Amino acid sequence: MKKQLSTFFRPQVLEAMAEKQYDLIVIGGGITGVGIALDAATRGLSCLLLEMQDFGAGTSSRSTKLIHGGLRYLKQLEVRLVREVGRERTILHQNASHLVVPRPMLLPIIEHGSLGKYSTSLGLFVYDLLAGVAPNEKRSMHETETILNMEPLLRIDIVEGGGLYYEYQTDDSRLVIEVLKTAVEYGADALNYAKVVDLVYENEKVVGVNFLDSLAKKRYSVRGKQIVNATGPWVDSLRKKDNSMNDKRLHLTKGVHIVVDYQRLPLQQAAYFDVPDGRMMFAIPKNDITYIGTTDTNFTKNPKRPQADLGDVNYILEGVNQVFPTVKLQLDDVRSSWAGVRPLIHQAGKSPSELSRKDEIFYAPSGLISIAGGKLTGFRKMAERTVDVVVKELYKKEKRPIKNCKTAKIKLSGGHFKQPDDISDYILQLTEEAIGTGLTEKEIEKLVYKYGSNTPIILDILEADMRHKLPIRQKILFAELQYAVNYEMVCTLSDFAIRRTGRLYFERDELDDIYFDILDELERLLKLSKQVKLAQLNEFEIEFEAVVAFKKTLTLQK
Ligand code: FAD
């Protein structure tokens with residue numbers, strides 16, 4: 001039987017771990033860490049991943065949720081990066097077609113903006129070439145009238161034509177979980193709520209870690225031949241513990257997104273546009289909402305719970321209202337928000353937006369391997385480079401030949417489709433099979449774009465639920481929850497409502513009506529004690545308020 005990322009298997013993982021010396025321990029369960037775990041497991045290395053919060057709870061659930069082709073790198077003349085991320089995008093689309101979906105992106109040219117008509121046309125042409133863009137997704141340039149027809153909400157007097165190109169939309173925290181589930185299928189062990197508190201040394205070399213299971217409040221020690229620090233914004237904290245800081249260090253910057261009802265910013269397609277201070281911003285429709293961002297400001301606080309403040313939100317609202325003036329978005333329109341911290345590498349004299357998004361590996365004298373910088377989009381190549389270092393070190397010690405990276409050919413969990421285009425037929429097929437259950441095609445479609453080829457498992461759970469009087473929407477919700485507990489190590493209400501389903505960001509109003517039901521069901525499934533249940537409720541309600549907390553600042557100011 002394949003291994004499974006189940007909440008119920010935590011005790012087994014903890015027990016088995018004590019006796020083992022892993023080839024690799026990965027610290028950090030964001031996209032960088034899970035990518036490394038997948039690469040290592042598929043090369044046959046024994047691997048343990050430890051995450052102190054929930055998987056993806058750091059930056060990897062707080063991005064713009066795009067698998068970029070790398071257009072911004074072209075502006076910075078980072079040609080190698082454009083080529084690499086362009087290829088990565090195609091690979092990810094093949095291997096996780098349900099989660100990495102092409103979307104047309106409008107690029108209006110704004111009077112006195114940062115984009116010129118001819119430079120944009122040339123830039124997009126070079127980009128198509130370097131990124132190896134598919135023929136049906138190549139850029140097209142258009143006159144003002146056509147652009148205004150494509151997007152009637154644009155401000156007529158400042159638009160001077162524009163372009164249309166493709167970006168790939170994703171769900172970052174679901175990407176994290178699908179990568180990790182695949183790593184576990186290939187043999188990796190993984191735990192959330194497992195904070196590495198110390199590194200363990202022998203003869204000045206790192207040989208293991210001590211960690212705290214914050215659910216059971218127990219400490220453990222585990223041995224590993226190689227240890228990778230993939231803790232994103234926390235990379236330097238571990239490097240400091242290891243006494244291995246050098247002249248390279250992280251530079252954290254905060255990025256905020258806001259969410260409004262789709263009807264308040266009903267764009268025909270996503271848009272990437274200039275804002276008055278010379279930066280650019282995305283506005284991206286997704287089901288019933290449109291999300292807009294991002295900001296880019298220096299950040300020096302604790303990265304655990306970054307939050308949007310009033311200044312961030314006003315900056316975004318001003319930017320949108322400038323380019324789409326008739327919508328007149330206001331603070332009250334904002335339904336939710338999220339803020340993330342970019343773990344970039346410091347470059348003296350550069351502003352947040354100018355800092356390179358390149359990744360870098362630091363190899364410390366203790367043997368600790370740290371990886372910093374990078375993007376969601378490039379995670380597979382970052383993992384390949386990191387595991388190449390691990391493999392080289394293992395070979396030095398043990399002369400054990402280990403295979404090369406093969407993740408380019410590995411379908412992610414939920415991504416088992418021959419071709420990305422097969423998804424539409426798959427939705428129709430599942431809709432037909434679900435006749436009689438009360439599920440609509442729309443509901444099936446939503447499930448497929450979340451869980452891909454794993455959707456039938458959820459439908460089976462739903463059919464087996466004997467609580468016939470429950471409304472169908474609640475049955476879907478409970479089936480998703482049961483799946484999440486059994487296959488995605490959901491331990492808390494927040495894990496499910498925020499990271500596995502994105503409901504806090506994209507469906508906050510609906511969530512308000514159902515989060516008690518979710519918690520009751522979770523209590524039933526996991527047999528939570530009253531005390532734990534209450535703690536989970538409190539923790540969730542803090543998050544629930546935090547995404548609109550900036551509105552309170554305004555009330556206080558009034
Ligand atoms: P994280 O996701 O932060 O993961 C690190 C993990 O380590 C955390 O979960 C943390 O809890 C854990 N950890 C820390 N210390 C310990 C410890 N002691 N023990 C155990 N665990 C520990 N990239 C794109 O490609 N496309 C985009 O559209 C995009 N948009 C972005 C927008 C914003 C606003 C931001 C901030 C970033 C964006 N990025 C984007 C970049 C991308 O999101 C990040 O590069 C990426 O998510 C970083 O992942 P990570 O795994 O390195 O860090």
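These numbers come from a predicted model, not from an experiment. Remember, it's 1-based here, ligands and their atoms both numbered in the order they're listed. As a basis for the values below, the full set of heavy atoms in this structure was taken, side chains included, without hydrogen atoms, waters or symmetry mates.
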Over-ring placement of [X] relative to [Y], 6.0 Å and 45° cut-offs:
X      : Y      : result
Lys65  : Trp338 : yes
Arg508 : Phe544 : yes
Lys181 : Tyr487 : no
Arg239 : Phe362 : yes

If hydrogens are left out, which of [options] has an atom nearest to [atom], that is, the closest non-hydrogen atom?
atom                    : options                      : answer
atom 39 (N) of ligand 1 : Ser63, Ala57, Ser61          : Ser63
atom 4 (O) of ligand 1  : Gly58, Ala372, Gly30, Gly255 : Gly30
atom 13 (N) of ligand 1 : Asp359, Asp54, Thr231        : Thr231

Show the atoms of ligand 1 that are less than 4.0 angstrom away from any heavy atom in [X].
X      : answer
Gly374 : 45 (O)
Ala230 : 5 (C)
Leu50  : 20 (C), 21 (N)
Gly340 : 36 (C)
Thr294 : 34 (C)

Relative to ligand 1, is Ile27 under 4.0 angstrom through side chain, backbone, both or neither, heavy atoms considered? side chain
Could a heavy atom of Ala194 be found less than 4.0 Å from some atom of ligand 1? yes
Is there any N or O on Trp234 that sits under 3.5 Å from an N or O of ligand 1? no
Could you point out which residue of Asn298, Asp296, Thr297 forms a side-chain hydrogen bond (donor to acceptor under 3.5 Å, both in side chains) with Thr253? Asp296
Within the 3.5 Å criterion, strictly below it, is a donor on Glu539 or Ser494 matched to an acceptor on the partner's side chain? yes
Begin with the C-alpha distance, continue with both residues' side-chain angles, and end with the deciding distance and a verdict on salt bridge (charged side-chain N to carboxylate O under 4.0 Å, His left out) for Glu543 and Arg305. CA-CA 9 Å; Glu543 301 269 5; Arg305 255 195 207 119; 3.1 Å; yes
